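Below: one structure, written as structure tokens.
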Amino acid sequence: MAKIQGHLTLVGDDFDTALVSKMLGRLPTYVREKTEVLGNGQLFGHCEWGVETALMEAEDFQPVSDSLREMLDCSAELLKKDAHDCNAEWSILYYVEVYDDFPVIYFSQNFIQFSAEIGAHIGADVYLRNESDLEERNM
């Protein structure tokens with residue numbers, strides 16, 4: 001079993017995150033500003049505007065990818081234009097918790113085409129867990 005969460009994030013040096021919301025007609029799930037001060041006193045250093053799915057039990061990446069795509073109900077051309085206008089890039093990141101079986105890294109042709117059209121980078125942050133981790137999380 002694995003639990004997967006997807007993030008679709010616009011990442012750039014410095015852009016107006018409120019303007020991105022207006023251009024896309026959607027509020028983000030999270031925003032990080034370049035001037036945000038981190039716990040260690042340093043500045044965050046760049047801007048992020050993003051949406052994220054819930055953490056889902058899944059055997060492969062596709063249901064999470066589908067959910068991400070549905071969250072931004074607009075054309076790939078608009079997303080590409082927004083990235084260009086903000087001097088930013090799209091990033092698709094999967095947060096994966098693996099308890100026993102590693103999920104299949106599978107993407108539909110439509111999702112691959114969408115990712116290519118918006119110029120997105122795709123990555124995964126994988127954590128190997130054991131059953132005691134799962135039991136602690138459910139308490």
Side-chain angles (χ1 to χ4, degrees):
M1 170 184 62
K3 292 187 177 189
I4 307 170
Q5 182 179 44
H7 299 259
L8 178 57
T9 310
L10 185 63
V11 180
D13 182 49
D14 192 16
F15 60 87
D16 184 348
T17 55
L19 182 59
V20 173
S21 296
K22 185 176 179 180
M23 291 187 296
L24 297 178
R26 187 197 195 291
L27 292 175
T29 308
Y30 57 92
V31 170
R32 303 292 302 260
E33 300 291 346
K34 181 176 185 168
T35 57
E36 185 176 334
V37 179
L38 301 174
N40 62 6
Q42 294 181 333
L43 295 179
F44 188 67
H46 65 274
C47 290
E48 293 184 357
W49 181 102
V51 294
E52 65 187 1
T53 68
L55 192 60
M56 303 180 210
E57 281 192 30
E59 294 179 0
D60 62 63
F61 284 36
Q62 193 56 49
V64 180
S65 301
D66 291 342
S67 182
L68 275 178
R69 183 65 186 104
E70 291 168 6
M71 293 178 85
L72 287 180
D73 186 26
C74 55
S75 71
E77 192 59 40
L78 177 60
L79 295 174
K80 184 177 180 178
K81 180 185 179 325
D82 288 347
H84 179 268
D85 291 350
C86 292
N87 193 30
E89 296 180 328
W90 288 103
S91 171
I92 300 170
L93 180 67
Y94 296 90
Y95 170 84
V96 184
E97 292 183 353
V98 178
Y99 291 91
D100 48 27
D101 294 328
F102 195 88
V104 176
I105 301 174
Y106 166 81
F107 303 104
S108 70
Q109 181 180 358
N110 289 340
F111 190 77
I112 292 170
Q113 183 175 349
F114 164 75
S115 301
E117 287 175 3
I118 67 171
H121 301 275
I122 299 175
D125 196 2
V126 179
Y127 297 86
L128 301 177
R129 307 281 193 205
N130 59 41
E131 289 301 318
S132 64
D133 294 331
L134 183 59
E135 291 169 10
E136 285 178 22
R137 183 171 219 168
N138 290 331
M139 292 183 142

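Small disclaimer: the values here were computed from a predicted structure and weren't measured. Heavy-atom basis, side chains included; hydrogens, waters and symmetry copies ignored. In this chain, numbering begins with 1 at the start of the sequence shown.
We find the OG1-CG distance between Thr9 and Leu93 to be 7.0 Å, quoted to the nearest 0.5 Å. Here the CH2-OH distance, from Trp49 to Tyr30, works out to 9.0 Å after rounding to the nearest 0.5 Å. To the nearest 0.5 Å, atom CZ of residue Phe114 and atom CG of residue Leu79 are 5.0 Å apart. Between His7 atom NE2 and Leu68 atom CG the span is 8.5 Å, to the nearest 0.5 Å. Of the inter-residue distances, the one linking His84 atom NE2 with Ile118 atom CD1 reads 15.5 Å to the nearest 0.5 angstrom. Here the straight-line distance linking atom CD of Glu57 with atom CD of Glu97 works out to 10.5 Å at 0.5 Å rounding.
Taking the six-membered ring for Trp, Tyr95 and Tyr127 have ring centres closer than 6.0 Å.
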With side chain to side chain contact (heavy atoms under 4.5 Å, CB included) as the criterion, how do Asn87 and Phe15 come out once you've worked through the C-alpha distance, each side chain's angles and the decisive distance to 0.1 Å?
CA-CA 8 Å; Asn87 193 30; Phe15 60 87; over 6 Å; no
Test Ile4 against Leu55 for side chain to side chain contact (heavy atoms under 4.5 Å, CB included), laying out the working first.
CA-CA 5 Å; Ile4 307 170; Leu55 192 60; 5.7 Å; no
Assess whether side chain to side chain contact (heavy atoms under 4.5 Å, CB included) is satisfied between Ile122 and Ser115, documenting all intermediate values.
CA-CA 8 Å; Ile122 299 175; Ser115 301; 3.9 Å; yes
Determine, stepwise, if the pair Val96 / Asp125 fulfils side chain to side chain contact (heavy atoms under 4.5 Å, CB included).
CA-CA 6 Å; Val96 184; Asp125 196 2; over 6 Å; no
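Proximity of Asp13 to Cys47: side-chain heavy atoms (C-beta onward) are nowhere separated by under 4.5 Å. With contacts defined as side-chain heavy-atom distances shorter than 4.5 Å, the pair Ile105/Asp60 does not qualify. Here the side chains of Ser75 and Lys80 are not in contact, with every heavy-atom distance at 4.5 Å or above. The side-chain heavy atoms of Thr17 and Glu33, taken from C-beta on, include a pair separated by under 4.5 Å. Residues Val64 and Glu52 fail the side-chain proximity criterion, which asks for heavy atoms closer than 4.5 Å.
Side-chain contact check for Tyr94 and Ser65: at least one donor-acceptor pair (N or O, by modelled atom type) lies under 3.5 Å. Residues Gln113 and Glu117 bring a donor and an acceptor atom of their side chains to less than 3.5 Å of each other.
Hydrophobic cluster membership is shared by Leu72 and Leu78, with clusters built from Ile, Leu, Val, Met, Phe, Trp and Tyr side chains linked at under 4.5 angstrom.
In this structure, Met23 and Asp82 approach most closely via the heavy-atom pair SD-OD1, 3.4 Å. Residues Ala2 and Pro103 share a closest heavy-atom pair of CB-CD, 3.7 Å. The two atoms that bring Leu24 and Trp90 nearest to each other are CD1-CH2, 4.1 Å, heavy atoms only.
Side chain of Glu48 to main chain of Val11: no donor-acceptor pair is present (N/O by atom type, distance under 3.5 Å, no hydrogens or angles). Judged by distance alone, with hydrogens and angles left aside, the side-chain atoms of Arg26 form a donor-acceptor pair with the main-chain N or O of Met71 at under 3.5 Å. Thr53 places no side-chain N or O within donor-acceptor distance of the main-chain N or O of Ser67, the cut-off being under 3.5 Å. Judged by distance alone, with hydrogens and angles left aside, the side-chain atoms of Gln62 form a donor-acceptor pair with the main-chain N or O of Ser108 at under 3.5 Å. With hydrogens and angles ignored, the 3.5 Å screen pairs no side-chain donor or acceptor of Ser21 with any backbone N or O of Leu27.
Note: Phe107 and Phe111 have parallel aromatic rings, judged against thresholds of 30 and 60 degrees for the angle between ring planes.
Judged by the 6.0 Å and 45° rule, Arg129 forms no cation-pi pair with Tyr99.
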